[in-house]
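Have a look at the structure below, then the notes.
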Number of protein chains: 2
Amino acid sequence: MERGLRELKREATGEALAHAAFELARERGLDGFVIDDVVQRAGYSRRTFANYFSCKEEAVASVGFAGVEDAGALLADLPPDLPLVDALHTVMRQQFATDTLVTMRELLAMVRRYPTLEPYLLSVQNRMRHAAQDLVLSVAGDRYPGIYVPLLFGAVYGAVTAALEGLLDVQLADDDGDAAGRGAMEYGSFLDVTFEYLRNGF
Amino acid sequence: MERGLRELKREATGEALAHAAFELARERGLDGFVIDDVVQRAGYSRRTFANYFSCKEEAVASVGFAGVEDAGALLADLPPDLPLVDALHTVMRQQFATDTLVTMRELLAMVRRYPTLEPYLLSVQNRMRHAAQDLVLSVAGDRYPGIYVPLLFGAVYGAVTAALEGLLDVQLADDDGDAAGRGAMEYGSFLDVTFEYLRNGF
DNA sequence: GCACCAGTTGCCTAGTAGGCAAAATTGCTC
DNA sequence: GAGCAATTTTGCCTACTAGGCAACTGGTGC
């Protein structure tokens with residue numbers, strides 16, 4: 001997949017910048033820092049930042065892009081005759097146990113406070129959907145009718161997004177009860193309900 | 001719904017600016033104009049533009065927000081015992097016959113050429129989903145289990161988006177055959193396929 | 001008519017986007 | 001390991017943008 005040290009390093013640069021931006025956003029809020037602060041923390045020049053991201057919002061949101069390769073590995077381990085919906089359900093159940101979800105939850109909460117972040121987070125989610133979809137298409141695209149896989153991924157993406165939003169609403173409503181713990185418990189069942197509808201129809 | 005002339009005028013201002021931005025983007029491409037050009041064409045000051053939109057991309061994408069009130073009216077005319085999935089199918093079928101869809105198609109095509117537009121178009125689509133969803137929730141929210149309506153709207157939104165993307169890919173692939181005419185015909189059947197999966201499960 | 005309030009505008013400044021070319025870094029080949 | 005080519009990083013520069021503030025304008029309700 002990678003072509004060499006150079007690509008790895010390029011990737012690392014982007015991640016370092018994104019990570020610095022995300023941390024600053026957590027510490028000071030999205031309006032509490034400027035790009036100069038980000039590059040200073042990450043140890044790069046402002047001009048380099050511009051080579052990777054068009055604004056700080058894009059950098060912050062980009063940390064939400066994660067877990068696609070892991071998902072691919074998980075998917076490959078499943079029996080090949082398992083229906084795709086069920087395979088996705090299984091994979092997402094496992095993925096939701098990682099801190100990929102924690103980061104995403106944090107980003108979703110951040111979007112509430114800073115709406116300018118929303119477009120960029122949506123873009124990240126959309127790119128993840130495409131990446132996951134392409135992964136499946138490249139491995140087993142010929143096993144399904146042409147439009148099936150995109151439709152499924154679209155529906156899963158939309159429904160799961162809606163479920164997460166709804167859950168976040170609930171969590172933010174009872175503010176600062178031990179929301180994280182309770183939420184972690186409920187993610188699984190929300191996911192199950194979501195996939196039940198997707199599997200059996202609305 | 002409106003409170004008076006002032007609100008109407010405010011709305012008109014935003015639409016005038018958005019319309020001017022959209023036209024300029026069509027004529028010169030997204031990188032062929034600046035905010036000053038927009039406000040000059042619309043007859044407002046640059047400062048006023050900033051009160052409505054944070055950048056030209058946001059203004060251009062905002063013209064894609066349309067048809068929600070019409071959808072609400074259509075929805076109200078349907079028999080109240082029609083299952084919600086089928087009601088949505090019917091409404092979207094009718095909506096897809098309007099030029100709301102033409103504008104959206106144009107915006108989607110524009111996104112391919114100018115990726116910086118993507119986040120803002122996604123944001124618009126997301127807001128439309130919420131608006132439609134809230135509309136249904138306010139009218140008939142108590143007729144469905146708590147998470148059902150958001151999940152359905154999420155799934156519909158995601159699947160329809162994926163279908164449109166796929167269709168646009170096809171249309172752009174056979175570039176400039178009479179894609180518009182053929183596409184218009186196929187939108188309906190793509191929608192039917194999409195809703196068949198949503199209705200009966202994947 | 002009068003007080004009020006939302007929308008519009010100009011002014012202003014810190015912040016941003018992105019072209020260009022020089023410098024540094026790495027991958028590849030011998 | 002030494003040199004060449006490709007790519008990345010960087011500084012410099014300039015047009016452009018975001019958004020606070022204060023003044024002004026025009027609907028709105030009494």
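Each chain gets a letter, A, B and so on, in the order its sequence line appears, and its residues count up from 1.
Looking at B:Glu165 and A:Arg129, a side-chain N of the basic residue comes within less than 4.0 Å of a carboxylate O on the acidic one, giving a salt bridge. Taking 4.0 Å as the cut-off between side-chain N and carboxylate O, A:Asp37 and A:Arg28 count as a salt-bridged pair.
Among the protein residues, A:Phe53 comes within range of no part of the nucleic acid, since none of its heavy atoms lies under 4.0 Å from any strand. B:Asp36 comes within 4.0 angstrom of nothing in the nucleic acid, heavy atoms only.
Between B:Tyr157 and A:Tyr157, the side chains place no donor N or O within less than 3.5 Å of an acceptor N or O (distance only, hydrogens not considered).
Between the CG atom of B:Leu30 and the P atom of D:dT17 there is a distance of 11 Å, given to the nearest Å. Taking atom CG of B:Asp31 as the reference point, atom P of C:dT16 lies 22 Å away to the nearest angstrom. Taking atom CD of residue A:Glu58 and atom P of nucleotide C:dT16, one finds them 14 Å apart after rounding to whole Å. Rounded to a whole Å, the CD1 atom of A:Ile35 is 12 Å from the C1' atom of C:dA14. When rounded to the nearest whole Å, the span between CZ of B:Phe49 and P of C:dG7 equals 17 Å. The separation between B:Asn51 atom CG and C:dA6 atom C1' is 11 Å, rounded to whole Å. Atom OH of B:Tyr44 is separated from atom P of C:dT9 by 7 Å (rounded to the nearest Å). Taking atom CD of A:Glu57 as the reference point, atom P of C:dG15 lies 14 Å away to the nearest angstrom.
Inter-residue side-chain proximity for B:Glu118 and B:Glu57 is flagged as unmet; no heavy-atom pair is nearer than 4.5 Å. The closest side-chain heavy-atom distance from B:His19 to B:Val60 is not below 4.5 Å.
Residue B:Thr48 has no polar side-chain atom (N or O) positioned under 4.0 Å from OP1 or OP2 of C:dT8. Between A:Thr13 and D:dT8 there is no side-chain N or O to OP1 or OP2 distance below 4.0 Å. Contact between the side-chain N/O atoms of B:Tyr52 and the OP1/OP2 oxygens of C:dG7 is not found at any separation under 4.0 Å.
One finds the CG atom of B:Leu151 at 5.5 Å from the CZ atom of A:Phe202 (value rounded to the nearest 0.5 Å).
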So which protein N/O to nucleotides 19-23 of chain D N/O distances come out below 3.5 Å?
residue, atom, partner, partner atom, Å
D:dG20, N7, B:Arg47, NH2, 3.0
D:dG20, O6, B:Arg47, NE, 2.5
D:dC21, N4, B:Arg47, NH2, 3.4

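Both B:Arg46 and A:Phe33 sit near DNA chain C, but only B:Arg46 has its closest nucleotide nearer the 5' end.
A donor-acceptor contact shorter than 3.5 Å links the side chain of A:Lys56 to the backbone of A:Leu30.
Among D:dT9, C:dT16, D:dT17, the nucleotide with an atom closest to any side-chain atom of B:Val34 is D:dT17.
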